[in-house]
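Presented below is the structure to which this report refers.
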Amino acid sequence: MKVLGQLAFLLLLGGIWCQNNRNAKASSKSTKRSGGNQGGEVGQSPPEVDLTPGNTGGTGNNRGTGGTAASRRESTAGARAAGQQTDDMRLLFLKNTQVTCNDGTAAGFYIKEFRGSRRWLLFLEGGWCCYSKETCDSRYQNIPRLMSSSGWPQTKRGSGILSSQAEENPHWHNANIVFIPYCSSDVWSGTGPAPTPPPRPRQGREKERDRNTNTTEYTFMGSLIIREVIKDLIPKGIKQAKVVMLSGTSAGGTGVLLNIERVASQLEQLGAETQVRGLVDSGWFLESKQQRSPNCPETVSCSPEDAIKIGLRLWNGVVPDRCRQLYKRGEEWQCFFGHKLYSTLTSPLFVVQWLFDEEQLRVENIYMGGQSLSEEQWQYIQNLGRELKNSLRDVTAVFAPSCLSHTVVTKSNWMSFQVRGTSLPRALQCWDRSLEATRNNRTPAKGCPFHLVDTCQWPQCNPTCPALVDQATQQELTLLQMLVAMGLDLQKLGLNPQGNADSLASMVSNGG
C-alpha cells in the first residue's frame, strides 16, 4: 500500500516540482498496458494531465516502436479523409525524425487551423518531469504517454482557451491553435540526447555522484521539439502571423518562460514580423521552504531546486541567455523560477497564478482536503499568498485570484473566475488591446485592466474561487469547514466562525 500511495501522489503531481519515488522501480520498459484511443479531450482531467481517462493508460507498444514519422503521418491523413469533426485538432508528427520523445518515438503536435487568421496560439502541455534513472523509469512505467507518442490519439478536442467555440473562448476561438504534447520530461528545456553513461564502474563518492547525473537511456529534447514545431508550421503560414502567443500550464507554463525569447528569435530570423507573447498559467513557482535530505535523489524529500539542478545536467537543459548571464556556472537552475527570470525577458508576458497554488503546497507536503493540517502548515499557507503577491508586484500583466487551485486556462469554466469584477478572458483581451495600441503608437484605452491581484488575504476569499472538495467524502466545503475537518481548532487560531462572520464577508467583497 505504501508503494501505491507514492505512485498516486506522483500521478496527482502535475506541476514542475519533481518528486523521486525510490520504491517505484520500473519492472519493465518493454511492455505496457493497452489503451491508445482515437480521440481525446484537452484540458478536462485535473490537475495537469490534460486528457480524458481513456488516454492516460499505456500504449500497447514496445519502447521505441512507435513507427516512422512518415508512415504515421499517412495514418493521420487517412483518419482525416475518413471524416472528422471540424472542432478537432489533428495530430501531425515532426518532419525532423531526429527530434523525438524520451523513448525515441516521433514527437509531434495537434493543430486546428482557422483559414485567414493571422493569430497563432501555441500551447505547451504540462506534467511534471523526471531527473534520474529511477524517476524516469517509474514515469515511463506509470505515465508512458508523457515519454512516448506511441499511444497518442489521432485527434483532440480543446477546451478553455484551446476551444474553437466562441461562447467558451470568445477572443481566441478563431485563431490557429496548436497543442504540443509533453513527451520530453525536461520542463521543455532539453536540447539533445542524454550523455553517454560512464564506461567504468565507480567507487565511493564517484559512484554517488554518477547516481545523480546521467545514467539513463532516455533522450530529452523539449526545447528542440518547440523549435521543430515552428519549422513545420512555416508552410501553414506562421511566418505571416501578426501575433504568436506561446502558452502553457504548470510545467508547460515554466516552459513558456524558458523558451519565449528563443521562439521570438527564431521567428525573427525567418523574416516574420510577428509579435511573440507569452501566457504562463500556474508555472510561477517559489523555492521550497523545507529542509531536505542531503542524499537527494535517493529519498522522496528531494527539493525542487535540487531536482532541477540534477535534471539540467541530465537533460542538457538550456535557460534564456540574459538570465543565464546573471548566475555563475551551476546556478542556472534559478532561471526556472519566474520571479528571478521575468526582468530579463523582452517579450510581453501574461502571468496567471492562483495565490494558493495546490502544487506549490504539495511540494511542502500540504494537501487541502486531506486528513490533517498542522498550525504550522496553516501559517505557511497564509504566508504563501503574501509571498506570491510580492513576487508578482512588478509583473505588468497578471491575473492572480486568492484561491486554492492549480491551472485554469484549459478549463471549460475558465470564464467564471474573476478578480475585482474582471474575468480572465476579459483581462487577456485588455492586455491584447494595450499591446496593439502600443505597437501602433496609440494611447491604451482606460478602464480595461490587466494587472489583477486579489487584495484579500485568505485562501478562498474570492467568491468566484473553485469549490473545495473533501477527498474522503467528495463533498464541497467552505474553507472554515475544511480546516475543522482537517483537525484545526478555529478558536485557537483566532478564526471563530461566528465572531469572524462580518470580517470574512468584508474580505470576500473586497477581494472578489
Side-chain angles (χ1 to χ4, degrees), residues 29-40 42 49-51 55-81 84 88-113 122-127 129-130 136 139-140 143-156 177-194 216-236 238 252 255 259 315-316:
K29 290 186 292 185
S30 62
T31 59
K32 301 196 284 287
R33 305 177 300 276
S34 62
N37 288 357
Q38 291 303 305
V42 177
V49 177
D50 295 322
L51 298 181
N55 295 324
T56 60
T59 64
N61 291 337
N62 289 342
R63 175 178 171 187
T65 58
T68 66
S71 65
R72 298 175 77 182
R73 279 195 295 271
E74 291 175 4
S75 173
T76 302
R80 248 189 351 264
Q84 296 175 350
D88 288 343
M89 296 181 284
R90 56 190 174 88
L91 175 62
L92 297 175
F93 288 92
L94 297 182
K95 295 176 182 177
N96 184 350
T97 58
Q98 300 302 307
V99 176
T100 68
C101 298
N102 288 131
D103 69 344
T105 52
F109 58 96
Y110 291 84
I111 184 169
K112 168 70 170 65
E113 297 176 74
L122 277 54
F123 181 85
L124 305 181
E125 185 184 20
C129 69
C130 65
C136 290
R139 180 179 176 91
Y140 194 82
I143 324 176
R145 70 166 191 80
L146 291 179
M147 300 182 75
S148 173
S149 65
S150 56
W152 289 354
Q154 294 295 321
T155 62
K156 288 190 186 301
I177 296 176
V178 178
F179 176 91
I180 312 177
Y182 185 34
C183 68
S184 56
S185 308
D186 54 6
V187 200
W188 297 98
S189 70
T191 61
T216 171
E217 302 170 5
Y218 304 102
T219 58
F220 303 89
M221 300 186 175
S223 187
L224 301 184
I225 289 172
I226 298 172
R227 182 194 70 187
E228 294 303 316
V229 169
I230 298 290
K231 288 182 180 179
D232 287 1
L233 293 176
I234 292 175
K236 298 184 178 299
I238 198 169
N259 287 280
W315 308 326
N316 287 330

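Not counting sequence neighbours, the partners of Ser223 by the side-chain contact (heavy atoms from CB on, under 4.5 Å) test are Thr191, Asn259, Arg262, Val318. Residues passing the side-chain contact (heavy atoms from CB on, under 4.5 Å) test with Lys231, sequence neighbours excluded: Arg227, Glu228, Gln266. Residues satisfying the side-chain contact (heavy atoms from CB on, under 4.5 Å) criterion with Ser189, sequence neighbours excluded, are Asp186, Leu258, Trp315, Phe336. Residues passing the side-chain contact (heavy atoms from CB on, under 4.5 Å) test with Glu113 are Arg90, Ile111, Asn176, Lys236, sequence neighbours excluded.
Of all heavy-atom pairs between Ala106 and Trp152, the closest is O-CZ3, 4.3 Å. Scanning both residues, Ala107 and Cys101, for their nearest heavy atoms gives CA-SG, 3.9 Å.
In this structure the side chain of Leu124 never reaches within 4.5 angstrom of the side chain of Tyr182, judged on heavy atoms. For the pair Thr100 and Met221, the minimum side-chain heavy-atom distance is below 4.5 Å. Between Cys183 and Met147 there is no side-chain heavy-atom pair separated by less than 4.5 Å. The closest side-chain heavy-atom distance from Ile225 to Ser184 is below 4.5 Å. With a 4.5 Å cut-off on side-chain heavy atoms, Ser185 and Tyr218 do not count as touching. Residues Cys129 and Trp188 have side chains not in contact (no heavy-atom distance under 4.5 Å, counting atoms from C-beta outward). Here the side chains of Leu146 and Arg139 are in contact, with some heavy-atom distance below 4.5 Å. In this structure, Val178 and Phe123 have side chains that are not in contact, with every pair of non-hydrogen atoms separated by 4.5 Å or more.
Between the side chain of Thr105 and the backbone N or O of Ser149 there is at least one donor-acceptor pair closer than 3.5 Å. Side chain of Asn102 to backbone of Thr219: a donor-acceptor contact under 3.5 angstrom is found.
With values rounded to the nearest 0.5 angstrom, Ile226 atom CD1 is found 6.0 Å from Ile180 atom CD1. Met89 contributes atom CE, which lies 7.0 Å from atom CD1 of Ile177 (distance to the nearest 0.5 angstrom).
Arg145 and Glu125 are joined by a salt bridge, as a carboxylate oxygen and a charged side-chain nitrogen come within less than 4.0 angstrom of each other.
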Quiz item: Yes or no on side-chain contact (heavy atoms from CB on, under 4.5 Å) for Tyr110 and Thr155, after CA distance, side-chain angles and deciding distance?
Solution: CA-CA 7 Å; Tyr110 291 84; Thr155 62; 5.6 Å; no
